[in-house]
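Worth knowing before you read on, the calculation uses all heavy atoms, side chains too, and leaves out hydrogens, waters and symmetry mates. Being a predicted model, the structure only gives us computed values, none of them experimental.
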Amino acid sequence: MTRCCELDDTLMTHPLTPSSAGSPAGSSSSSCSSSSENRHFEYEILSLKEFERRPEVLHLFPCHEVDNDGRLLPSFLVCTSSHMFVLHQLPHLPESASVQARRPLNSIVKITTKKQKPDVCTFNYGVTDDDGNVKIWHSDRFVIPNSAAVISTLQSLIIHILDTFKSPSLPSASHSANATASTKPP
């Protein structure tokens, strides 16, 4: 069984939710709606320890998400080989969190920090059209302790994804340089 989240008219399905065979201990489903914005959210409440033990989870970084009003929300960034999840820690259940967003790593087009506040990071998500123009469709702001290490980890995951999307029939520059070096006579 997958859980869904409707946010800004975008339907996001969370593959890390329990299967229909049963849910792990400490997870449940909740929903709430905001009357002022008329949005419906359905999210999963899960145990952080259970979530961290899942084999697809590569990294879990504690942070604070900065909302539109400038409030800091205790959160976690969870990285798998293909996605970054935003989890909000629940104030009444400190060992639990809810999945707020699921972002494909290859949709991250820009990560920025301020020189005077290097722990405040802005993630811009978007697509590149055929002309090379980037269209940003969403952004998130976080306060991340030791943000340089987190950004470095995310960059390496993104580069790995982009390398896997390259065509295997086209040799990369390093492969062609090695091939040329090995064919030269001694």
Side-chain angles (χ1 to χ4, degrees), residues 1-19 39 41-44 46 48 50-68 73 75-89 97-114 118-178:
M1 169 188 278
T2 59
R3 304 278 184 233
C4 299
C5 173
E6 282 185 29
L7 178 61
D8 297 328
D9 299 322
T10 304
L11 182 66
M12 297 177 285
T13 305
H14 303 290
L16 293 179
T17 56
S19 66
R39 293 182 185 170
F41 297 99
E42 185 178 318
Y43 56 91
E44 179 185 14
L46 46 90
L48 286 171
E50 291 287 326
F51 196 74
E52 191 173 17
R53 284 189 221 139
R54 293 181 181 183
E56 61 270 21
V57 173
L58 302 175
H59 303 282
L60 187 135
F61 303 108
C63 64
H64 285 86
E65 184 173 12
V66 182
D67 72 359
N68 292 339
L73 306 171
S75 304
F76 294 90
L77 293 179
V78 178
C79 297
T80 67
S81 60
S82 61
H83 287 82
M84 179 178 79
F85 290 82
V86 178
L87 305 180
H88 283 184
Q89 190 172 10
S98 63
V99 177
Q100 296 297 310
R102 174 182 178 248
R103 310 276 188 227
L105 288 174
N106 61 352
S107 71
I108 299 174
V109 294
K110 189 185 210 182
I111 301 173
T112 58
T113 60
K114 298 278 185 186
D119 288 348
V120 177
C121 304
T122 302
F123 291 79
N124 291 311
Y125 311 96
V127 293
T128 305
D129 62 14
D130 294 336
D131 298 330
N133 300 321
V134 176
K135 181 180 179 187
I136 295 174
W137 50 268
H138 191 75
S139 65
D140 292 320
R141 281 191 318 167
F142 299 97
V143 176
I144 306 172
N146 195 14
S147 64
V150 174
I151 291 171
S152 176
T153 301
L154 285 169
Q155 285 175 337
S156 63
L157 288 171
I158 293 167
I159 289 170
H160 178 71
I161 287 174
L162 296 177
D163 285 345
T164 59
F165 282 126
K166 285 184 181 178
S167 174
S169 63
L170 298 174
S172 66
S174 63
H175 292 356
S176 61
N178 291 339

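- In this structure Q89 satisfies the side-chain hydrogen bond (donor to acceptor under 3.5 Å, both in side chains) test with no other residue, sequence neighbours excluded.
- A search for salt bridge (charged side-chain N to carboxylate O under 4.0 Å, His left out) contacts involving D67 returns R71, not counting sequence neighbours.
- Distance check: E56 CD to F51 CZ gives 7.5 Å after rounding to the nearest 0.5 Å.
- Each salt bridge (charged side-chain N to carboxylate O under 4.0 Å, His left out) pair with one or both residues in residues 122-134, not counting sequence neighbours, would appear here, but there are none.
- Qualifying side-chain hydrogen bond (donor to acceptor under 3.5 Å, both in side chains) partners for H88, counting only residues two or more places apart in sequence or in other chains: E65.
- For P118 against T113, the heavy-atom pair with the smallest separation is O-CG2, 3.6 Å.
- Partners of F123 by ring-ring contact (aromatic ring centres under 6.0 Å, His included), not counting sequence neighbours, listed by chain and number: F142.
- Pairs engaging residues 150-159 under the side-chain hydrogen bond (donor to acceptor under 3.5 Å, both in side chains) rule: none recorded [sequence neighbours left out].
- Contact of the L157 side chain with the H59 side chain is registered, since non-hydrogen atoms from C-beta on lie closer than 4.5 Å.
- The side-chain contact (heavy atoms from CB on, under 4.5 Å) check on D119 picks up V143, S147, with sequence neighbours excluded.
- Taking every heavy atom of both residues into account, I144 and P62 meet most closely at CG2-O, 4.5 Å.
- Side-chain contact between R103 and D140 is present, with heavy atoms from C-beta onward closer than 4.5 Å.
- Shown are V150, L60, L154; of these, the side-chain contact (heavy atoms from CB on, under 4.5 Å) with C79 is made only by L154.
- Under the side-chain contact (heavy atoms from CB on, under 4.5 Å) criterion, T122 pairs with T112, N124, S139, R141, sequence neighbours left out.
- Within the structure, salt bridge (charged side-chain N to carboxylate O under 4.0 Å, His left out) pairs that include any residue of residues 145-157 do not occur (at least two apart or interchain).
- Residues passing the side-chain contact (heavy atoms from CB on, under 4.5 Å) test with S82 are T80, sequence neighbours excluded.
- The distance from atom CD1 of I151 to atom CG of N146, rounded to the nearest 0.5 Å, is 10.0 Å.
- Proximity of V86 to L77: side-chain heavy atoms (C-beta onward) are separated by under 4.5 Å at one or more points.
- Shown here are the side-chain contact (heavy atoms from CB on, under 4.5 Å) partners of P104, two or more places apart in sequence or in another chain: H83, N106, S107.
- Side-chain contact between M84 and Y125: present, with at least one pair of heavy atoms (C-beta onward) separated by less than 4.5 Å.
- Considering all non-hydrogen atoms of both residues, S81 and I161 come closest at O-CD1, 3.2 Å.
- In terms of the ring-ring contact (aromatic ring centres under 6.0 Å, His included) criterion, H160 has no residue partners (sequence neighbours excluded).
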